[in-house]
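Reviewing the structure listed below.
Counting starts at 1 for both ligands and their atoms, in listed order. The model shown is predicted, which means the values in this text are computed figures rather than measured ones.
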Amino acid sequence: MHRLAIRADLLDFTGAPAWGSTDLSGVRWRPDHWLLIEGERIAGALPGAQPPGEDWRLDDQRGRLLMPGFIDTHVHCPQLDVIASHGTGLLDWLETYTFPAERRFADPTVAAEGAARFLDALLAHGTTAAVVFPTVHAVSADTLFAAAAQRGMRLITGKVLMDRHAPDGLRDAPHDQGAEAERACEALIQRWHGQGRNAYAVTVRFAVTSTPQQLAMAGALLARHAGLYMQTHVAENRDEVRWVAELFPQARSYLDVYDQAGLLNERAVLAHGIWLDAQDRARLRDRGAQIAFCPSSNLFLGSGLFEWPAAIAAGHKVSLATDVGGGTSLSMLRTAAEAYKVVALQGSQVGSPLSAWTALHAATLGAAQGLGLSHEMGHLGAGALADLVLWDWAVGPVATHRDAVALGQVAGLPAQDLHARVFAWMLLGDERNLRQTYVAGRLSHERGRHGPQFATLL
Ligand SMILES: [Zn+2]
């Protein structure tokens with residue numbers, strides 16, 4: 001079996017850090033250690049001065065940071081085409097930019113190229129697992145699953161369900177009571193769910209674009225197949241919330257529309273959750289569902305400020321996500337930096353500022369636990385698949401100087417604690433800091449080497 005040991009500073013989590021805490025509770029910090037990888041799994045770790053024996057290939061990356069790969073719990077594959085589009089809020093943005101781009105994915109060639117480009121971009125940003133929206137076209141889910149299987153990545157996705165309030169070419173047929181869309185989902189579930197690291201998510205775009213009949217069909221799929229995931233959007237924008245209230249007058253709230261359809265369970269991932277009340281948050285907790293907090297998207301589209309501390313107080317799960325193309329970067333580091341600013345904007349109402357520990361936990365172990373996959377990923381413990389990213393602590397003169405300050409190498413300034421150093425890395429770092437990405441023990445991206453030819457260079 002292929003045996004590899006990488007020497008670096010190892011950082012991961014063993015539990016959820018307390019909100020606002022900058023000490024090391026929940027944090028596993030092993031500076032200058034060898035991480036041992038046997039085949040596709042992590043086998044353990046050794047101090048830097050004690051390398052493993054001769055039958056290990058040694059890769060000395062001393063002075064760099066090795067972490068579990070990031071998990072992006074909400075991102076749209078076809079929206080790389082519309083990232084950074086100017087001038088609209090959610091509903092106009094969908095109409096003007098997103099729907100025309102998504103219509104192209106009916107073409108199998110466009111879908112296959114889009115899936116490959118998207119997954120390679122995730123790896124180049126340090127993301128090794130994702131919960132992904134393709135388009136309404138079954139082929140867009142098929143091509144994503146196939147491309148993820150080729151790369152060995154953990155992928156959760158499913159054909160988008162939309163049967164109203166969407167343009168021609170992007171709607172499921174309503175005329176047959178939704179039977180066609182249901183058949184398409186069933187076929188994809190048979191083909192991909194539980195195949196390798198692929199898992200199917202019943203994917204309702206949002207309450208506006210599904211009839212009550214289609215929502216009921218989605219709930220029936222979840223009831224019929226244990227172990228499916230569910231993904232959707234909820235309470236992102238105030239105009240959207242008002243529209244949902246008009247469309248579903250019998251529902252107590254936007255979230256309640258989904259709950260009544262049987263869509264909320266411990267495998268449900270709902271993006272945004274900005275405009276929720278205390279009853280909604282309690283419902284999320286009771287159902288075991290999670291909110292994917294998408295700060296760069298929420299700021300870019302002017303949607304609002306997610307109240308992370310309120311979620312913690314209510315006891316429901318929160319993960320971190322880019323929501324490209326509403327979000328403006330696939331980088332989970334940039335996303336974490338935006339999350340910090342969203343919390344900061346809420347000032348003293350929320351108590352402590354967001355710690356680097358809470359943000360990075362949510363992007364690794366917290367996300368893995370929320371998805372029921374912490375046996376597989378999200379940490380550097382023995383037995384997990386070796387989904388890893390090797391990072392430079394600093395790139396460029398400003399970050400390099402800032403890192404030296406944290407280390408106490410600048411005369412007249414005291415050395416800072418680990419949290420201060422990691423926080424500066426999180427705020428100043430991005431994909432340029434990334435050296436290597438491993439997926440299940442296989443080198444899958446390396447700085448300066450990317451694109452379709454990369455596989456042949458391994
Ligand atoms: Zn989204």
All side-chain contact (heavy atoms from CB on, under 4.5 Å) counterparts of [X], not counting sequence neighbours:
X	value
P212	R164, F248
S25	S21, D23
W275	A235, R238, V241

* May I ask you to decide if M162's main-chain N or O and D172's side chain share a donor-acceptor pair within less than 3.5 Å? =>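 Indeed, once roles are kept as given, a pair shorter than 3.5 Å links the two residues.
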
Discussion item. Is the positively charged end of R435 above the ring of W391, judged by distance under 6.0 angstrom from the centroid and angle within 45° of the axis?
Written reply: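 Verdict for W391: no cation-pi partner in R435.
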
Validation row, ring centre F293 to ring centre H74 under 6.0 Å
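They do not qualify: ring centres at least 6.0 Å apart.
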
| query | What's within reach of the Zn ion (ligand 1), meaning protein N/O/S atoms under 2.8 Å? | reply |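 Protein N, O or S atoms closer than 2.8 Å to the Zn ion (ligand 1): H74 NE2, H76 NE2, H233 NE2, D323 OD1.
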
